[in-house]
Amino acid sequence: MIQTIATIELPVDERLVLEKNRLEPEQKTGREKRVSLVTGIHGDELLGMYVLYEVQRRIEKERHKLTGILDIYPAINPLGIDSINRGLPQSDIDMNHIFPGNENGNLTEYMASQLIDDMIGADLCIDVHASDIFLKEIVQVRMQKQDEAKLLPYAKMANADLIWISASATVKEATLAHSLNMMGVPTLAIEAGSGMRIDKDYGDQIVEGILHILKQEGIWQGETTEVRTPDVAYAEDVDYANANASGVFMPAVNIGDWVCKGQQIGEIVNALKGTVEEIISAPCDGKIITVRQYPIVYHGALMYRILRKNSLAK
Amino acid sequence: MTENLNERICEGIEQIRCFRKEEGTRLYIKYMRKEILYSLKAPYRDDLRVTGYRFGFGEKTACIVGALRGNEVQQLYICSLLVQKLKELEAHGHITQNHEILVIPSVNHYAMNIGKRFWAVDNTDINRKFPGIENGGTTERIAAGVMECIKGYSYGIQFASFYMPGQFIPHVRMMETAHSSASLANLFGLPYVVLRKPKPYDTTTLNYNWQISGTNAFSVYTNDTENINEESAQMAVSAVLRFLTRMGVLKYNCHGGYIASVIREDELTAIHAERSGIFRPILHPGDEVVRGQIMARILDPYEGTVRENVMSPTDGIVFFTHQKPLVNQKDLVFTMIRRLHA
Ligand SMILES: [Zn+2]
């Protein structure tokens, strides 16, 4: 059942409507668990569109096996999604920087508060992100250190390749995931692939993970597959290769590849002079978990993230 | 004569460190030094150069930063006026001993030159990247490079802009941290000092990080951002000169300015639009208003009929007004300073 969470009048002949779809068992007991699936906070991250569609398609095929409530929120930033903007098109505000919002605030704050109000009380929330247009990333669950104890059991069921636990940061306190975690709704942030693209294989991997979690939570009785065992990485387990020249980035390795420290993994070239501006070598032995997709780089641009080999022994 | 002197000084910063020139009976102390504080190579554009102007010698006393965003043209303009003024004051020996002032008119003119507000490649805001990371991403590196040059000053002044377009009563804004001092902010002589409780996303701004690093940091807000407002630009320049004079850095004959009222940002009364449409303000920053007075009208964009009369909920003074011709429902259209009745 499609439900409206919030509507806002735009200046000229248009309404911004925040909607969700609620899937419920035909016979309710009133004691069902409720899980929220969210995507589209960032308007340029589209992988979750496929994931949320596919989860619904699988469930609709065997609707009688749904034994809990599933709320689907596919477009938290509808204006951004429909206009290829990561943030709010009018103000460039990042929707994931304003939670928990404010009922008496402006458009974004109001929408955020209505969304939070609607999600409070859920037993679990899964927020599907992709990377931005610059990077491609393996399927991963991200969390802050402070949430590790609570979220790690769920994250391990998500069929991800990696669980990345970062140091807690004040600036992350305004994300949807943080707000919900603070309010007692365990919330996983999943990230995979690239911005503005849908990588179906990654999408299917996440779908399997979500169905597995739904089954473990007791709200889905359909078939699920065995999930992968993810690597678990803390902040210090991930190394970075940032550009130290500006130019055109040409990668030499792929996501998931194993590399050795010092191995040449790419170049930054200059198309005017025909020269190589920087040879990029791997900063450590490990596995490539992030590869830059967008070729133009300035000093500082992130080109690779590498999961250190020695961290995997743990 | 000053032109001549300037040329000689531009030959090299090191050479001019101790350079003085007798001319007639007057002693001219050397001129401002222009330096490239930070530079970044681009794939095909000219280098991004962050330029600083230093005045005076000795202790790092005051640092003034202009456009961190590409739309902060007014802030850039104010800095240019300030550079002119400080140049003149220095030439006349009116910067007191053992005080150095650094002015950085612009950081993100890369965006300004192509009509963007943020770092144009990834749309990141340099004013959300402080204190920066030396080996981090591009804008983190820029922030770190700038931070390195601007830390250690006793006073930090940023000409800032609000995240949404609008007009303010000119004021000095400070983050309320353990390090903040509202009484110092009074010395600018602007009508208001606004104290803001830092929110999570404020912790990555220049102002916040300046304060955390031990600098007394102030953000000066004037009327405009994308357009030049001459009157408020002059007001900002006067405020900074007044502050520096009162701190004993300049010898300058300035007018007294205002005795500032100190207000907390969360005490301002916010008025949001209940309807969307064409926004026609009636009142402007600084206007007195009584409860129930119509402050603006929101019109149906097709038929011109009044959808909403935006009414004042209280007696007071208009502090902020929305500036765009269109409004969304829920947009902040005014903030007011509530009048306290005795
Ligand atoms: Zn995202």
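Each chain gets a letter, A, B and so on, in the order the sequences are listed, and its residues count up from 1. Just so it is clear, the model here is predicted, and its values are computed rather than measured.
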Quick one: NE2 on His97(A) to OG1 on Thr204(B), what's the gap to the nearest 0.5 Å?
8.0 Å
Part of Phe279(B) lying under 4.5 Å from any heavy atom of chain A:
neither
Interface residues of residues 138-151 of chain B facing chain A - non-hydrogen atoms under 4.5 Å apart
Thr138(B), Arg141(B)
When heavy-atom pairs shorter than 4.5 Å are enumerated against chain B, which of Asp94(A), Leu272(A), Val297(A), Asn104(A) gives the highest number?
Asn104(A)
Per-residue contact mode, Glu103(A) against chain B (heavy atom under 4.5 angstrom)
backbone
To the nearest 0.5 Å, how far apart are OH in Tyr110(B) and OH in Tyr298(A)?
4.5 Å
Say you draw a straight line from NZ of Lys41(B) to CG of Asn270(A); how long is it, rounded to the nearest 0.5 Å?
11.0 Å
Hey, which residues of residues 296-313 of chain B are touching chain A, say heavy atoms under 4.5 Å apart?
Pro301(B), Tyr302(B), Arg307(B)
Measure across His272(B) and Asn106(A) and return the closest heavy-atom pair with its distance rounded to 0.1 Å.
CE1-N, 3.6 Å
CA sep, side-chain torsions, deciding dist, call: Tyr240(A), Asn135(B), side-chain contact (heavy atoms from CB on, under 4.5 Å):
CA-CA 10 Å; Tyr240(A) 299 76; Asn135(B) 295 313; over 6 Å; no
Is there a side-chain contact between Asn328(B) and Pro11(A) (heavy atoms, below 4.5 Å)?
yes
To the nearest 0.5 angstrom, please state how far the CD atom of Gln329(B) sits from the CG atom of Leu16(A).
10.0 Å
Enter the distance from Leu107(A):CG to Leu332(B):CG here, rounded to the nearest 0.5 Å.
12.5 Å
Measure Lys324(B) against the heavy atoms of chain A and call it side chain, backbone, both or neither at under 4.5 Å.
side chain
Pair count under 4.5 Å, heavy atoms only, with chain B: among Gly247(A), Ala243(A), Gly300(A), Gly105(A), highest is Gly300(A)
For Ala42(B) and Ser246(A), the nearest pair of non-hydrogen atoms, with its separation, is C-CB, 3.6 Å
Partners meeting ring pair (Phe, Tyr, Trp, His ring centres under 6.0 Å) with Phe130(B) (sequence neighbours left out)
none
Can you list the residues that meet the side chain to side chain donor-acceptor pair (under 3.5 Å) rule with Arg275(B), with sequence neighbours excluded?
Glu9(A)
CZ (Arg86(A)) and CG (Asp122(B)) are apart, to the nearest 0.5 Å, by 9.5 Å
